[in-house]
K.L.:
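Would you mind keeping the following structure in view while I ask a few things?
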Amino acid sequence: SQQGEEDPQALSIQEGENATMNCSYKTSINNLQWYRQNSGRGLVHLILIRSNEREKHSGRLRVTLDTSKKSSSLLITASRAADTASYFCAGNAGNMLTFGGGTRLMVKP
Amino acid sequence: NAGVMQNPRHLVRRRGQEARLRCSPMKGHSHVYWYRQLPEEGLKFMVYLQKENIIDESGMPKERFSAEFPKEGPSILRIQQVVRGDSAAYFCASSPPAQGGNEQFFGPGTRLTVL
């Protein structure tokens, strides 16, 4: 079964707008990680947020984690066409990562 | 420092043949994970290995699939008697000795097509 469920499944925005993706998970986690995948490519690690953290920033990325609601969000500010990709959250409850189905983001120039 | 290496990048097999997928972890990483991704889906965990040991194979199909990570050389994911449903992208990831869950670094994947 999937640990994470992303919402929305697909998102289309204009360049310069912000993109927000949400993720819910089912069981307790040590940390939650966000990955990006360009079509037909491997995964690129974006950011890791630990269970005792509430918010983390990295460049144009902002991630929040609410362990009481078992949810996380990824915000990409000032989006660019190059941000077009699929974004996955993955819960880490030990050593394996359990991925959600992903959000397919399209940023139109 | 080279990243996680996987080969081949693309593999075509006919039904009933064997598929061997190789993964070389990043330097200094002793933990290897294999994941499978079906089209339009997220990755599904298959197996977690350390050198010469299978730590968790809860995601591995019971038949035809096996994995190893020998003392020397790459990790191997082996699929015997492949069927069309095995067509997928197989990703390997590695991490340093675990401290309660670390970032996993992914390879570029092997795309298996079963004809």
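To find a chain, count down the sequence lines: A is the first, B the second, and so on, and within it residues start at 1.
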K.L.:
Crowded around B:Gln81 CD? As in, over 12 foreign heavy atoms under 6.0 Å?
P.N.:
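Atom CD in B:Gln81 is not packed in, count stays at 12 or less.
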K.L.:
Is it the case that over 12 heavy atoms from other parts of the model lie below 6.0 angstrom from the CE atom of B:Met60?
P.N.:
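Atom CE in B:Met60 is packed in, count exceeds 12.
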K.L.:
How long is the span from the CD atom in A:Gln37 to the CZ atom in B:Phe91, to the nearest 0.5 Å?
P.N.:
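One finds 5.0 Å between CD of A:Gln37 and CZ of B:Phe91.
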K.L.:
Could you check whether B:Phe106 and A:Tyr35 have their ring centres less than 6.0 Å apart?
P.N.:
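Yes, the ring of A:Tyr35 comes within the 6.0 Å limit of the ring of B:Phe106, centre to centre.
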K.L.:
Are there over 12 heavy-atom neighbours, none belonging to A:Gln9, within less than 6.0 Å of that residue's CD?
P.N.:
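12 or below, so no.
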K.L.:
Indicate if A:Ile76 and A:Ile49 have the same hydrophobic cluster label, given that clusters are the connected sets of ILVMFWY residues with side-chain heavy-atom separations under 4.5 angstrom.
P.N.:
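Linked within one cluster.
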K.L.:
Please say whether more than 12 non-hydrogen atoms of neighbouring residues, nucleotides or ligands are located less than 6.0 Å from CZ in A:Arg54.
P.N.:
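It does: A:Arg54 CZ has more than 12 such atoms within range.
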K.L.:
Quick check: do B:Leu43 and A:Leu43 have side-chain heavy atoms less than 4.5 Å from each other?
P.N.:
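Yes, at least one pair of side-chain atoms sits under 4.5 Å.
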K.L.:
Under 3.5 Å, is there a donor-acceptor pair between the side chain of B:Tyr35 and the main chain of A:Phe99?
P.N.:
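No.
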K.L.:
Using 0.5 Å steps for rounding, measure from the CG atom of A:Leu97 to the CD atom of B:Glu103.
P.N.:
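A:Leu97 CG to B:Glu103 CD: 10.0 Å, rounded to 0.5 Å.
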K.L.:
Given heavy-atom pairs under 4.5 angstrom as the criterion, report whether the side chain, backbone, both or neither of B:Gln37 touches chain A.
P.N.:
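Looking at B:Gln37, just its side chain touches chain A.
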K.L.:
With the 4.5 Å side-chain cut-off for hydrophobic clustering, are A:Leu11 and A:Leu61 part of the same group?
P.N.:
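Same cluster.
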K.L.:
Does atom CD of A:Gln14 have more than 12 heavy-atom neighbours from other groups under 6.0 Å away?
P.N.:
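Atom CD in A:Gln14 is crowded, with more than 12 foreign heavy atoms closer than 6.0 Å.
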K.L.:
How many angstroms lie between OG1 in A:Thr98 and CZ in B:Phe45, if you round to the nearest 0.5 Å?
P.N.:
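A:Thr98 atom OG1 to B:Phe45 atom CZ measures 8.5 Å (nearest 0.5 Å).
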K.L.:
Which region of B:Arg111, side chain (C-beta onward) or backbone (N, CA, C, O), has a non-hydrogen atom less than 4.5 Å from a non-hydrogen atom of chain A, or is it both or neither?
P.N.:
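For B:Arg111, side-chain heavy atoms alone lie under 4.5 Å from chain A.
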K.L.:
Between the side chains of B:Gln104 and A:Gln33, does any donor sit under 3.5 Å from an acceptor?
P.N.:
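There is no such pair (donor and acceptor under 3.5 Å, judged by atom type) between the side chains of B:Gln104 and A:Gln33.
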